[in-house]
Amino acid sequence: MTEFDYDLFVIGGGSGGVRAARLAAGLGKKVAIAEEYRFGGTCVIRGCVPKKLLVYASQFHEHFEDAHGFGWSVGETSFDWPTLIANKDREIDRLEGLYRRGLENAGAEIIASRAELTGPNSVLIKSTGKTVTAKHILIAVGGRANPHPALPGHELCISSNEAFHLAELPKAILIAGGGYIAVEFANIFHGLGVETTLIYRGKEILSRFDQDMRRGLHAAMEEKGIRILCHEVFEKIERGADGRLKAHTSAGKMLAADQVLLALGRDPNTDGLGLEAAGVKTGIKGEIPVDAYSRTTVESIYAVGDVTDRVQLTPVAIHEAMCLIETLYHGRPTSPDHDMIATAVFSQPEIGTVGLSEDEASRRFDELEIYRAEFRPMKATLSGRAEKMIMKIVVNAQDRKVLGVHILGHEAGEMAQLLGIALKAGCTKDDFDRTMAVHPTASEELVTMYTPSYRVKAGERV
Ligand code: NDP
């Protein structure tokens with residue numbers, strides 16, 4: 001044992017912090033992990049996991065409708081929001097228990113308190129007022145919803161945190177933002193029967209995705225009945241005499257709803273963390289810049305996950321934590337690999353994507369081959385649902401390397417995971433072409449698009 005109380009002190013019990021603490025403790029290191037709220041972090045407690053459960057819930061009304069075409073008569077149906085929320089909460093409690101037990105079994109000390117840095121090797125445990133020391137400190141405190149304080153009436157709005165715990169399902173909701181959270185919640189609430197309007201400042205939703213995915217999803221959402229207003233923002237939110245919220249937009253509209261959800265990005269959770277006292281520098285948004293090995297500007301202090309604002313995704317935080325353990329305790333300095341991260345938007349239909357969009361690829365490469373298919377999935381033939389599936393492969397014409405694959409449609413997220421392996425391995429379009437199709441599936445389209453739909457040369461479609 002060194003002169004320190006701990007080998008590793010982790011601040012934050014989310015995906016990144018828990019993984020690092022569990023692995024380090026499992027190696028026999030003396031580890032403590034402090035969490036002021038609940039173990040599991042944003043992903044488990046108020047993010048990916050409860051969101052996916054709500055997505056499932058919101059899909060049933062379409063399943064009931066689709067059943068008719070397959071000969072089923074579905075009797076009267078009804079939906080009970082409190083039941084869904086209670087069941088979801090029970091599952092989250094179970095998962096939190098697993099996170100805690102994983103830490104305990106590995107031998108990490110759990111500290112149920114806020115912790116703040118007081119120096120390069122010291123941390124104040126707020127609940128006890130005790131200061132402890134550690135050879136290394138890991139900051140894994142994540143992020144929080146941007147409250148958009150510049151918007152008059154923002155305090156009347158909710159974020160995704162509250163959306164998971166509303167006492168009752170609103171009749172109408174307005175959602176600001178065009179990113180993952182806004183789009184996913186718009187589909188969830190609409191699927192549960194809520195009159196839903198999404199308002200986005202840009203030209204088209206999901207600015208970081210391929211154009212075909214953006215336009216295709218926009219059209220599919222409108223077809224379902226979700227109202228999407230682009231090039232528009234909220235200018236003021238106020239409560240009307242009838243108790244409902246009234247939102248004034250930049251286009252001069254006044255929209256009324258029971259809830260207004262702001263999904264305008266997430267900020268690093270670094271306020272009051274004692275970073276200055278410890279000498280850790282922060283960036284413009286309060287994020288903690290780190291080097292290639294997740295080390296902050298202070299030699300003994302590391303940071304992983306959303307707080308570093310590299311790529312705000314759960315698997316990325318976990319990967320960064322695992323690399324850190326390699327670096328610190330296995331003598332193998334390992335820097336996280338942020339290239340070719342497959343990701344999914346759990347909209348309805350889903351988007352699954354890996355690699356470069358057509359626009360991004362055309363900025364980086366001289367000539368592209370674009371393979372694109374748009375078709376009605378087999379299930380929609382009997383259900384009668386007017387839903388299209390779009391698949392797109394972006395290929396570098398020079399060496400036939402597949403640069404990106406983008407899918408809009410059912411199970412696109414599941415497909416993206418597998419495509420992620422193929423693209424990570426550096427496969428070419430020829431590898432796709434010589435892969436036998438799995439029939440009948442939607443994904444067989446990915447290996448049967450033999451001729452390019454079009455080419456892009458010097459940024460121009462030809
Ligand atoms: P995103 O960064 O995805 O989207 C933020 C949205 O808010 C963008 O459309 C942005 O517009 C808009 N915006 C930002 N500031 C303003 C403003 N001042 N006025 C108007 N609009 C504004 O963030 P989210 O909050 O949706 O999600 C946070 C993160 O969580 C994501 O980055 C993602 O990594 C992660 N996440 C991942 C999920 C998944 O993997 N399925 C699901 C949910 C979240 P513009 O595009 O013009 O910048």
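Both ligands and their constituent atoms are indexed starting at 1 by order of listing. Below, each value reflects all heavy atoms present in this structure, side chains not excepted, and no hydrogens, waters or symmetry copies.
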May I ask you to list the atoms of ligand 1 that are less than 4.0 angstrom from any heavy atom of [X]?
| X | value |
| --- | --- |
| L313 | 34 (O), 37 (C), 40 (O) |
| Y200 | 9 (O), 11 (O), 45 (P), 46 (O), 47 (O) |
| S207 | 45 (P), 46 (O) |
| R208 | 1 (P), 2 (O), 3 (O), 32 (O) |

Where is the nearest protein heavy atom to [atom]: which residue, which atom, and how far?
| atom | value |
| --- | --- |
| atom 31 (C) of ligand 1 | Y180 CD1, 3.8 Å |
| atom 9 (O) of ligand 1 | G178 N, 2.9 Å |
| atom 26 (O) of ligand 1 | I181 N, 2.9 Å |
| atom 25 (O) of ligand 1 | G265 N, 3.0 Å |
| atom 7 (O) of ligand 1 | L264 CA, 3.3 Å |

For [Y], is there an ion pair with [X] - N to carboxylate O distance below 4.0 angstrom?
| X | Y | answer |
| --- | --- | --- |
| K424 | D337 | yes |
| D212 | K392 | yes |
| R372 | E358 | no |

Among R101, R100, E96, whose side-chain contact (heavy atoms from CB on, under 4.5 Å) with L98 holds? R101
side-chain contact (heavy atoms from CB on, under 4.5 Å), paired with L262, selected from L151, I158, N146: L151
Are any of the N or O atoms of [X] closer than 3.5 Å to those of ligand 1?
| X | answer |
| --- | --- |
| G202 | no |
| R266 | no |
| V233 | no |
| G177 | no |
| G179 | yes |

Close approach of A263 to ligand 1, heavy atoms, under 4.0 angstrom: yes
At a non-hydrogen distance cut-off of under 4.0 Å, which region of A344 contacts ligand 1 (side chain, backbone, both, or neither)? backbone
How does Q312 reach ligand 1, if at all, at less than 4.0 Å between non-hydrogen atoms: by side chain, backbone, both, or neither? both
Report yes if the distance between the aromatic ring centroids of [X] and [Y] is under 6.0 Å, otherwise no.
| X | Y | answer |
| --- | --- | --- |
| F164 | F185 | yes |
| Y180 | F209 | yes |
| F64 | H61 | no |

May I ask you to establish whether K429 and Y371 are in a cation-pi arrangement, using a distance under 6.0 Å from NZ or CZ to the six-membered ring centre and at most 45° from the ring axis? yes
cation_pi(R461, Y454) dist<6.0 Å, angle<=45: yes
With E204 as partner, the option from R215, H231, H218 fulfilling side chain to side chain donor-acceptor pair (under 3.5 Å) is H218
Have a look at K51, E184, K203, R201 and point out the one with the heavy atom closest to atom 10 (C) of ligand 1. R201
